[in-house]
Amino acid sequence: QVQLVESGGGLVQAGGSLRLSCTGSGRAFSSSAMGWFRQAPGKEREFVASMTWRLAGTYYADSVKGRFTISGDNAKNAVDLHMNSLKPEDTAVYFCAARTLYSSSYYYHPSHYNYWGQGTQVTVSS
């Protein structure tokens, strides 16, 4: 069993930055594929970014490419999402997810993941 907890959400003005962090227990993140998703009110959960430690590559949705960065801290068993140049359309609940069996670093659909955190709210004001 894997437990995931997100933190770091909040209210920020457009153009600002936030760092979200996902910490876990029950399994080392270094042996999982990790993803960030977000869900705005009335919309489906959408892919933001994904990575693994053992395979090369990080992947991003086109809407966040160049503004967001996913990174991992193996020692802390954590994966972060650094968000810069935030826009009002980035407002959503952000979720961390883990996939325990993987063959690439690119898993873009919610059904690809086994475990989910409870989410953290990010609100970007204009």
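Residue indices begin at 1 and follow the sequence shown.
Note on residues 40-54: pairs passing salt bridge (charged side-chain N to carboxylate O under 4.0 Å, His left out), not counting sequence neighbours, are R38-E46.
Under 4.0 Å is where a charged nitrogen must lie from a carboxylate oxygen, and between D90 and K87 no such pair does.
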Show which side-chain atoms of residues 72-79 pair as donor or acceptor with protein atoms under 3.5 Å away, not counting sequence neighbours.
residue : atom : partner : partner atom : Å
D73     : OD1  : A75     : N            : 3.2
D73     : OD1  : K76     : N            : 3.2
N77     : OD1  : F29     : N            : 2.6
N77     : ND2  : G24     : O            : 3.1
N77     : ND2  : R27     : O            : 3.2

Using atom types as modelled, flag every donor-acceptor pair under 3.5 Å from a side chain in residues 8-23 to any protein atom, sequence neighbours excluded.
residue : atom : partner : partner atom : Å
S17     : OG   : N84     : OD1          : 2.8
S21     : OG   : D80     : OD1          : 2.9

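Every residue was checked against the side chain to side chain donor-acceptor pair (under 3.5 Å) condition with S30, not counting sequence neighbours, and none meets it. Every residue two or more places apart in sequence or in another chain was checked for a side chain to side chain donor-acceptor pair (under 3.5 Å) with S126, and none qualifies.
In plain terms, the two heavy atoms of A49 and L81 that are nearest each other are CB-CD1, 4.3 Å. Nearest heavy atoms, S71 versus M51: C-SD, 3.8 Å.
Atom CG of L4 and atom CD of Q118 lie 9.0 Å apart (nearest 0.5 Å). Between S31 atom OG and W53 atom CH2 the span is 9.0 Å, to the nearest 0.5 Å. One finds the OG atom of S111 at 8.5 Å from the CZ atom of R99 (value rounded to the nearest 0.5 Å).
Side-chain N or O atoms of T91 include one that pairs as donor or acceptor with a backbone N or O of V124 at under 3.5 Å.
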Could you go through the side-chain contact (heavy atoms from CB on, under 4.5 Å) check for W36 and E6 one step at a time?
CA-CA 10 Å; W36 282 96; E6 302 95 337; 3.9 Å; yes
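Under a 4.5 Å side-chain heavy-atom cut-off, the cluster of Ile, Leu, Val, Met, Phe, Trp and Tyr residues that includes Y107 is completed by F37, F47, L55, Y59, V93, F95, Y102, Y106, Y108, Y113, W116.
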